[in-house]
*Asks:* 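Take this structure first; my questions come after.
All values derive from a computational prediction rather than experimental measurement. All ligand and atom numbering here is 1-based and tracks the order in the structure.
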Amino acid sequence: MKPRTKFEKTVAASNEGLSAISPKAVEWAVKNVVSHIAFRTSGHKCTCSDCGGKFDYKGKGKSVRCPHCGHRLQVTDTMKRKCRETSYFSTLEAIDGLQVQRVFLLNVCYRKGEPMRTTCWEVCRLWLGGDGKTAVTSRARTIGYYQDSFNWMTDIELRQMSDVHWVISNTYVYPRYSVTAGLRRNGMRDRLPDCHPMRLAKALLSDHRIETMMKTKDRKAVAYFVSNTFELDRCWQSYKVASRHHYRPVDYSMWCDTVRLLERCGKDTRSPRYICPINLKAEHDRWLAKVNGMEERRRNRERMQRAKEHEAEFYRDKSCFFGIVISDSDIEISVLDTIEAYKEEGEHMHHCVFQCEYYAKTDSIILSAHDRQGNRIETVEFSLKEGKVIQSRGVCNSNTEYHERIVKLVNDNAHRFLEARKTA
Ligand SMILES: [Zn+2]
């Protein structure tokens, strides 16, 4: 891609000016971003993946220090003799007033009994100008199944920015980094928050809120809000209040959810009483239950409204069956004769007879079976078309011990429904 704009021309020029990665950075990456293992066989014979040295370790610990090279190793019980691991990592550098994040692919090969072999390839560079403009210089991507596969024969040059570049650059940063004066002034110094380094840099240039958080060293908040700007817009006022009260939530995603729930409940989202709970999880769950209750009541009102629109038809079609009671010595089965009765039946039995608007079905009748004390047992649907029971269900749609008896009882009385309809 030929550099066209002034910014692209500066990037292309600076791209040539970068020097090779320092051996110290590679050393850091080998130490910190890939695993180091002790191949252990037969319970105690260990081989160090780093230096290839052999030693005995019988302990139960998950990690052990190699007596030969002194590296800390994760004990892995395996018969494998070879192991390969790759990982991305990056460095941050400032050059010609531009910020650049250089992304490297580290490839480590462990072969039992030999020192580990590492190779390190630079993949791409993300560039950020003082005005927030971005560009990428990269090796060419190869066409194929893997998105992040690069052709190592090509040069790192100006190319079209793609999602892949953003994804692979969301990785570890070598802690000895340098940034432009602007970024440094806006708070990018010391230990970085656990988020995308380039998104952070970009946000620091354009968003004073991220800058404020960086300056108060609230790294957890920065890490969350850099990738959740939508939540930042919503919760910024609450954050300011909470921060003034030195409140630091254990989990920002849960805290933002809580703020939203408070809003839904009509509570003051700037009051420390609500937004600085000691037990965040408990408060979150409490407000969530409140909102769910509100939702349920609203849905019920709507359902009832819809039901009322069907009320006239309901009485026209069903009133001829009202008053039919079928019973034996223990059980009494009666026709539900109001829409409220459907609602109550559904609520008590925890099934959908009301929600699914059975009262509006013209070719069936719903009956409630209860014992002599009035305790509900099952809800019965009798089909006028088929002249028999098509379903009968207990609490939460389960069957009860009376199931067969109820079905038989209603079916034996089927003629009463059909007669009632004829006389209507
Ligand atoms: Zn070793």
*Asks:* Could you check whether Thr269 and Glu263, counting side-chain N and O atoms only, form a donor-acceptor pair closer than 3.5 Å?
*Replies:*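 No - no donor-acceptor pair under 3.5 Å links their side chains.
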
*Asks:* Quick check, are the ring centers of Tyr252 and Phe225 under 6.0 angstrom apart?
*Replies:*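 Ring centroids of Tyr252 and Phe225 are less than 6.0 Å from each other.
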
*Asks:* Kindly give the heavy-atom pair with the smallest separation between Pro277 and Tyr247, and that separation in Å.
*Replies:*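 What the structure gives for the nearest pair is O-OH, 2.7 Å.
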
*Asks:* Can you tell which of Tyr172, Phe104, Tyr174 makes a ring pair (Phe, Tyr, Trp, His ring centres under 6.0 Å) with Trp28?
*Replies:*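 With Trp28 as partner, Tyr172, Phe104, Tyr174 yield a single ring pair (Phe, Tyr, Trp, His ring centres under 6.0 Å), made by Tyr174.
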
*Asks:* Taking 2.8 Å as the cut-off, does an N/O/S atom of Cys51 lie below it from the Zn ion (ligand 1)?
*Replies:*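 Within the cut-off used here (under 2.8 Å), Cys51 does place an N, O or S atom near the Zn ion (ligand 1).
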
*Asks:* Report, rounded to 10°, the angle at the Zn ion (ligand 1) between the two atoms SG (Cys69) and SG (Cys66).
*Replies:*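 Between SG of Cys69 and SG of Cys66, the angle at the Zn ion (ligand 1) is about 110°.
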
*Asks:* Tell me, please, if His71 has any N/O/S atom, main chain or side chain, under 2.8 Å from the Zn ion (ligand 1)?
*Replies:*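 Within the cut-off used here (under 2.8 Å), His71 places no N, O or S atom near the Zn ion (ligand 1).
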
